[in-house]
Enquirer: 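What follows is a structure written as structure tokens; I'll ask about it next.
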Amino acid sequence: MFIKKALFGIFFLISCQISASQNNIGLDINSQDVEVLASINLDRLNYYTDGTIYQAELSYLRTTDNNFATIGISATNMLQGVEDLSLAFGFKAVFTENFLAFPLYAKAAYMLPLQSRIPPTSLSIGFAYSPPVLSYLDAKNYSEFRLEASMEAISNIHIFTGYRRINTHYESYDTIFNNSFYGGLKINF
């Protein structure tokens with residue numbers, strides 16, 4: 001119960017910072033779950049202007065059976081020599097009931113070079129993994145895979161669709177926490 005209250009408090013504080021620092025908040029859904037996403041560009045908070053973008057990220061996934069929350073930090077930059085391809089690396093904390101893991105993650109996003117014909121559209125793929133040494137409570141390990149397509153339908157409003165597979169491996173059993181397609185909306189502030 002304490003973890004849920006702490007996560008809601010952290011989400012509230014981050015939501016306040018999002019509106020102050022002009023970043024994004026999103027929501028994705030399907031017939032069985034809903035996910036709330038938030039991202040803060042930390043560069044804007046301290047006037048950092050190098051090419052690397054540092055972000056704090058928060059998500060909360062509610063399914064029919066369980067709840068899932070993450071808090072993380074990442075660094076993103078363009079891959080040298082490959083136009084329109086960005087890479088992000090980071091780590092996050094993953095909370096479920098009796099499960100705590102600190103996975104490392106990587107994400108690649110490619111901006112399609114069709115902006116003269118269609119609105120800005122990107123494809124992204126991400127993977128996160130926590131070995132046993134970074135897994136606590138009843139957690140044995142954790143893995144997550146995401147594939148997503150996003151389009152800026154109008155200025156600062158992105159619609160997206162994707163697929164996620166989240167595996168939570170406990171000490172006594174393994175479970176697929178979530179394996180689903182989803183669709184959603186992100187708003188940049």
Side-chain angles (χ1 to χ4, degrees), residues 11 14-15 17-19 21-30 33-46 48-61 68-94 101-130 142-167 177-189:
F11 182 72
I14 288 178
S15 297
Q17 286 294 325
I18 286 172
S19 62
S21 63
Q22 300 183 359
N23 293 284
N24 69 60
I25 191 163
L27 178 75
D28 67 63
I29 60 170
N30 61 31
D33 38 67
V34 61
E35 183 177 32
V36 178
L37 311 159
S39 173
I40 298 172
N41 184 334
L42 298 175
D43 297 349
R44 292 185 183 191
L45 297 177
N46 63 6
Y48 180 73
T49 59
D50 192 13
T52 302
I53 300 168
Y54 296 96
Q55 289 186 315
E57 300 166 346
L58 176 74
S59 70
Y60 176 75
L61 175 62
F68 175 87
T70 67
I71 299 171
I73 190 163
S74 67
T76 305
N77 206 336
M78 301 302 290
L79 181 63
Q80 293 181 6
V82 181
E83 192 172 325
D84 297 327
L85 179 63
S86 65
L87 297 177
F89 298 97
F91 62 91
K92 58 185 172 180
V94 175
F102 295 96
L104 303 174
Y105 70 93
K107 180 179 178 181
Y110 179 69
M111 181 65 71
L112 297 178
L114 304 171
Q115 293 182 16
S116 62
R117 297 182 201 144
I118 62 173
T121 302
S122 65
L123 302 174
S124 65
I125 186 168
F127 181 74
Y129 179 72
S130 174
Y142 168 87
S143 63
E144 176 182 342
F145 172 78
R146 288 184 185 247
L147 183 63
E148 193 171 285
S150 175
M151 177 184 286
E152 187 173 9
I154 58 177
S155 183
N156 295 323
I157 309 247
H158 295 258
I159 56 173
F160 62 95
T161 186
Y163 167 77
R164 67 178 160 246
R165 181 180 174 100
I166 300 170
N167 295 317
F177 183 85
N178 192 262
N179 185 26
S180 61
F181 289 93
Y182 58 88
L185 177 76
K186 284 183 188 174
I187 301 172
N188 294 341
F189 294 91

Enquirer: ring-ring contact (aromatic ring centres under 6.0 Å, His included) with Phe181: which residues, sequence neighbours excluded?
Expert: Tyr163
Enquirer: Listed by chain and number, what are the side chain to side chain donor-acceptor pair (under 3.5 Å) partners of Ser143, not counting sequence neighbours?
Expert: Asn167
Enquirer: Nearest 0.5 Å, please: how far is CG in Asn77 from CD1 in Ile53?
Expert: 7.5 Å
Enquirer: Out of curiosity, Arg165 CZ to Asn179 CG, how far, rounded to the nearest 0.5 Å?
Expert: 5.0 Å
Enquirer: Mind jotting down which residue pairs meet the ring-ring contact (aromatic ring centres under 6.0 Å, His included) criterion with at least one end in residues 106-130? Sequence neighbours excluded, please.
Expert: none
Enquirer: For Tyr182, check ring-ring contact (aromatic ring centres under 6.0 Å, His included) against everything at least two apart and list the hits.
Expert: none
Enquirer: Can you sort out the partners of Ala75 under side-chain contact (heavy atoms from CB on, under 4.5 Å), two or more places apart, ordered by chain and number?
Expert: Thr52, Tyr54
Enquirer: Supply the atom-to-atom distance Ile40 CD1 to Asn24 CG, rounded to the nearest 0.5 angstrom.
Expert: 10.0 Å
Enquirer: Taking all non-hydrogen atoms of both residues into account, name the closest pair between Ser86 and Met78 and its distance.
Expert: CB-SD, 3.8 Å
Enquirer: Are side-chain N/O atoms of Ser59 and Thr70 paired as donor and acceptor at under 3.5 Å?
Expert: yes
Enquirer: Would you call Val94 and Ile166 a side-chain contact if the rule is heavy atoms closer than 4.5 Å?
Expert: no
Enquirer: Where is the tightest heavy-atom contact between Leu104 and Phe91, given as atom of each residue plus distance?
Expert: CD2-CB, 3.8 Å
Enquirer: Sequence neighbours left out, what passes side-chain contact (heavy atoms from CB on, under 4.5 Å) with Ser180? Give chain and number order.
Expert: Asn30, Asp33, Arg164, Asn178
Enquirer: Would a 4.5 Å heavy-atom cut-off, applied to side chains only, mark Leu37 and Glu57 as touching?
Expert: no
Enquirer: Could you tell me the separation between the CG atom of Leu147 and the OG1 atom of Thr161, rounded to the nearest 0.5 Å?
Expert: 9.5 Å
Enquirer: Check side-chain contact (heavy atoms from CB on, under 4.5 Å) between Ile118 and all other residues, then give those that pass, not counting sequence neighbours.
Expert: Leu114, Thr121
Enquirer: Among residues at least two apart in sequence or on other chains, which ones pass ring-ring contact (aromatic ring centres under 6.0 Å, His included) with Phe102?
Expert: Tyr136
Enquirer: Between Asn23 and Asn41 (side chain of the first, backbone of the second, donor and acceptor by atom type, cut-off under 3.5 Å), is there such a pair?
Expert: yes
Enquirer: Quick one: pull up CG in Asp28 and CG in Leu185 and give me the separation to the nearest 0.5 Å.
Expert: 10.5 Å
Enquirer: Might you confirm whether atom CG of Leu85 has over 12 heavy atoms from other residues, nucleotides or ligands at distances under 6.0 Å?
Expert: yes
Enquirer: Taking side chain as C-beta onward, heavy atoms only, is Ile125 less than 4.5 Å from Phe145?
Expert: yes
Enquirer: Not counting sequence neighbours, which residues clear side-chain contact (heavy atoms from CB on, under 4.5 Å) with Ala128? List them please.
Expert: Lys92, Pro103, Tyr105, Tyr142, Glu144
Enquirer: What is the distance from atom NZ of Lys107 to atom OG of Ser74, rounded to the nearest 0.5 Å?
Expert: 8.0 Å
